[in-house]
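A short worksheet on the structure shown next.
Numbers here are sequence positions counted from 1. Numbering of ligands and ligand atoms starts at 1, following listing order.
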Amino acid sequence: MSDYFAVIQLTPPLDHDGVRRLSRHSCLDIHRVQWLRSYVASDGAQMLCWYQAHDAESVRMVLRQLDSTETEAWSAEIGDDTEQAPTDDSGERVVAEIDLEEPASDTMTSMRTAIVTALGDAGQKVTCTFMSTNGPRLILVVAGQDEAALTACLRAAEIEPTSVWRCVELDPKPPRLFTATAPSTARKIEHDLTSADTSVDFDAVIIGAGISGICALQKLAGMGLEVRLLEAASDVGGVWYWNRYPGARVDSEIYTYGFSFSDELLQEWDWQELFSPQPEIQRYLKHVVTRFDLRRHMQFDTRITTAVFEERNGRWLLDTDTGERVTARYLLAATGSLTAPQLPDYPGIDEFAGQSHHTSRWPAAGVDLAGKRVGVVGTGASGVQVIQAIADDVAHLTVFQRTPTYCVPQRNRLLTDDARRQIRQDWTGILKACRESYGGFIHTFDPRSGLAVSAEEREAKFEELWQTPGFAFWFGNFADLLMNLEVNTHASDFVRKKIAERVNDPEVTRKLLPDHPFGTKRIPLENGYYEVYNRANVRLVDLRDTPIERITPTGIRTSHQEYPFDVIVYATGFDAGTGALTRIDIRGEGGLTIAEKWRDGPKTFLGLLVGGFPNLFIVNGPHNAAALCNAGRCIEQNVDWIACCIETVHAKGLTRIVPTAAAEEEWTEHVYDAARTGVLAHMTDSWFFGANTPGKPRRATIYAPGAREYREHCEDVAQTGYPGCTMY
Ligand code: NA7
């Protein structure tokens with residue numbers, strides 16, 4: 001991070017509260033720009049701001065976003081030869097802007113020192129200097145309010161200032177943005193729906209206490225909104241609350257996954273493993289809500305059953321399964337994209353007499369699998385984790401596989417003190433790398449084509465990636481891995497070879513070898529998964545050869561035979577992207593439900609807004625890069641954008657935002673077109689295209705161009721005044 005300053009001409013002049021609001025404006029976060037200080041001219045028409053950011057362009061983008069026209073942003077060196085303002089300081093200042101003829105920075109440094117010394121000798125206390133590193137320009141901030149005296153002193157030192165103006169240094173604490181008075185809990189249903197009451201219980205209600213909900217709550221509450229978070233579960237965690245199955249573990253390098261909004265949090269939380277298990281992540285999330293005092297905004301064991309947008313009042317009316325009703329101006333669905341569990345529709349599924357559990361509804365008390373006959377249906381990311389975790393404990397394990405997948409080694413390890421120290425030291429660079437990458441991960445594509453290198457080099461690269469932890473083989477591979485089928489085939493062959501090397505029985509190997517292009521289905525990360533099939537107590541059933549016909553009271557019957565079980569584990573995934581939302585009765589304008597709206601596939605604007613559903617924001621929903629992203633990183637991007645959007649609506653004195661039909665159509669087509677490019681055009685069956693949910697239209701739920709391109713689209717919309725959205 002470097003320091004930047006900007007001189008902003010205010011049109012129209014803002015009052016001090018307005019400027020303070022800008023100093024904490026959520027749009028700053030979109031570009032990771034931190035406002036440090038501001039000096040506002042007495043006539044309110046001009047201000048000097050000092051920011052920290054990665055580059056001047058980020059600052060310029062923010063300035064454009066804040067409607068601050070006629071602005072300049074300069075990278076600057078902050079002078080260290082100035083005096084601190086006294087603590088009882090009135091904050092009154094005079095700013096002198098000086099355009100110098102000599103751009104060389106060493107000359108400027110000595111000139112600045114000379115000017116500061118001369119002014120000091122003349123009794124002027126320079127509190128701060130900004131020396132532009134892009135041009136011959138110096139800005140001096142001097143305590144007091146005497147413009148004429150400062151000008152005279154400068155002239156005495158043979159310096160002619162370009163302009164001198166009186167100002168006050170503002171304390172950046174923002175006033176409250178919103179004014180709803182929140183009840184301490186949701187209310188029993190009591191509203192008279194026919195009343196014209198436009199008040200709301202809360203500025204915003206968030207559905208879900210997973211990482212999206214916690215992130216959104218921290219952000220919106222920090223902006224001064226009255227926020228209530230409602231969660232069906234009994235505690236925080238979202239997927240990390242529900243996915244308690246043995247072996248559940250994150251697939252992101254954990255230090256890239258946690259929240260980035262607090263340096264203190266980064267410093268004080270010690271991650272234990274490179275890829276944390278579920279309990280550790282849930283502990284972290286509990287720590288975060290306690291640490292930032294967020295629990296007081298949360299209500300658990302409360303499922304929102306109905307959400308109706310009242311057009312007349314411009315508010316969301318929410319009913320819960322506990323018989324309560326709350327109203328809110330904004331509704332944030334932090335419901336997750338892989339959270340609506342899906343059981344297979346096999347006949348007899350309710351007749352099984354033993355225990356059966358979906359991986360994402362695993363009993364909190366655990367399930368004793370020791371010495372049991374266990375069947376696992378499904379070999380996606382969850383199935384792979386549970387299979388490799390339990391194979392040792394159970395008496396016998398039968399895996400029912402419908403489609404073989406490419407798994408790559410996770411290479412998990414314990415994090416040492418040294419590793420944690422290094423991560424903290426590199427933190428800014430790590431975040432930047434994730435921000436610039438395709439999937440928000442630490443891995444970035446090799447810019448070369450897989451065809452631009454020799455076969456030996458390609459193989460060596462594959463081997464290097466294979467040895468690297470995490471998704472390196474997927475998202476650190478050749479740039480055209482997902483665009484060029486020939487490159488992809490080389491990678492697919494490499495992984496198939498690796499699988500074959502690890503499995504002893506050729507017939508089992510045959511069943512395990514995938515035939516779709518690598519990376520067109522979610523790649524599970526594994527720790528010893530393939531070796532499981534060399535065990536005497538493990539058997540693999542290929543459902544393409546012998547499909548399941550029914551679940552019986554004692555087990556699973558395929559077209560070939562019946563398999564008896566004590567426990568059946570359904571690792572059969574989720575109604576992805578849309579399921580969490582369509583399972584709630586959400587009604588927008590004209591009473592249309594979101595399930596009806598999305599009958600032929602999701603339609604969204606940026607995957608964040610939905611036409612006909614004003615003030616509904618979706619975090620990590622369909623058509624949003626977050627689903628195929630390092631969730632922590634992309635969710636923060638989503639939340640920052642939403643916060644900026646809400647704040648912009650509010651700053652305009654308006655209360656509603658909804659995308660236009662044309663903008664929604666355009667984004668939706670863009671998402672679908674993008675999913676038809678490269679190897680994804682094969683549309684391999686998976687949740688990426690809703691193919692795992694019977695009866696669901698085969699439409700992309702993911703945003704194929706990736707997190708970086710997605711972010712750029714979102715930023716572009718915000719910077720250009722939200723074209724495609726109606727604010728009213
Ligand atoms: P996934 O990745 O959707 O995997 C589900 C698995 O279950 C997959 O192997 C499916 O086979 C299989 N499946 C689904 N329905 C059936 C039926 N009816 N019969 C047999 N097998 C079935 O879900 P996960 O929970 O593993 O992972 C979801 C995400 O969570 C993952 O992407 C990560 O982001 C975290 P298929 O391949 O469809 O033939």
Side-chain angles (χ1 to χ4, degrees), residues 210-211 238-240 242-245 247-252 257 275 278 281 336-349 357-362 375-389 398-407 410 439-441 470-471 474 511-512 514-516 519-526 529 540-551 556-559 568-577 579-580 620 626-632 634-635 683-696 698 701-702:
I211 54 174
V239 295
W240 298 113
W242 294 108
N243 284 271
R244 298 162 167 147
Y245 60 86
R249 187 179 289 282
V250 73
D251 281 342
S252 306
Y257 186 84
F275 299 94
Q278 174 268 337
I281 301 176
S337 61
L338 293 156
T339 49
Q342 191 164 263
L343 285 167
D345 53 2
Y346 295 128
I349 191 156
H357 304 286
H358 189 280
T359 40
S360 81
R361 288 296 178 271
W362 203 257
V376 176
V377 184
T379 53
S382 306
V384 165
Q385 289 189 337
V386 79
I387 289 163
Q388 67 195 9
T398 306
V399 176
F400 295 89
Q401 172 192 272
R402 193 164 67 178
T403 314
T405 41
Y406 298 92
C407 305
Q410 184 173 60
F441 293 94
F471 284 130
W474 198 7
K511 292 177 185 172
L512 286 170
D515 55 12
H516 56 272
T520 55
K521 258 170 113 74
R522 164 67 147 82
I523 302 296
L525 296 185
E526 55 85 25
Y529 174 68
L540 178 64
V541 176
D542 188 336
L543 297 180
R544 294 171 304 179
D545 298 339
T546 56
I548 292 177
E549 289 182 340
R550 67 173 300 117
I551 310 298
I556 294 179
R557 195 169 78 214
T558 67
S559 60
I568 298 178
V569 178
Y570 293 108
T572 44
F574 303 90
D575 182 351
N620 185 10
L628 197 55
C629 178
N630 183 3
C634 280
I635 281 166
M683 292 182 71
T684 305
D685 280 350
S686 84
W687 61 259
F688 290 6
F689 293 96
N692 63 323
T693 303
K696 200 166 172 174
R698 244 174 109 95
T701 60
I702 56 164

What protein heavy atom sits nearest [atom], and how far away is it?
atom                    : value
atom 12 (C) of ligand 1 : G378 CA, 3.7 Å
atom 7 (O) of ligand 1  : A571 O, 3.1 Å
atom 27 (O) of ligand 1 : S382 OG, 3.7 Å
atom 33 (C) of ligand 1 : R522 NH2, 3.1 Å
atom 23 (O) of ligand 1 : G573 CA, 3.2 Å

**Request:** Compare F574, Y570, F400, Y346 and give the one whose heavy atom is closest to atom 28 (C) of ligand 1.
**Result:**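 Closest candidate by heavy-atom distance is F574.
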**Request:** Please work out which of K521, R544, R402, Q342 has its closest non-hydrogen atom nearest to atom 22 (C) of ligand 1.
**Result:**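 Comparing heavy atoms across K521, R544, R402, Q342, the nearest one to atom 22 (C) of ligand 1 lies in R402.
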**Prompt:** Quick one: CZ on F574 to OG1 on T359, what's the gap to the nearest 0.5 Å?
**Reply:**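 Here the rounded value is 5.5 Å.
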**Message:** Show the atoms of ligand 1 that are less than 4.0 angstrom away from any heavy atom in L338.
**Reply:**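 Contacts of ligand 1 toward L338, numbered from 1: 29 (C), 34 (O).
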**Prompt:** Near T379, which atoms of ligand 1 are under 4.0 Å from a heavy atom of that residue?
**Reply:**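 Those of ligand 1 that fall under 4.0 Å from T379 are 6 (C), 8 (C), 9 (O).
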**Request:** Write down the atom of I551, the atom of I568, and the distance for their closest heavy-atom approach.
**Result:**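 Looking at all heavy atoms of both residues, the closest pair is CG2-CD1, 4.1 Å.
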**Request:** Could you tell me whether ligand 1 has any atom less than 4.0 Å away from a heavy atom of V377?
**Result:**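 Contact check V377 vs ligand 1: positive.
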**Request:** Evaluate side chain to side chain contact (heavy atoms under 4.5 Å, CB included) for T558 paired with F400, printing each intermediate quantity in order.
**Result:** CA-CA 10 Å; T558 67; F400 295 89; 3.9 Å; yes
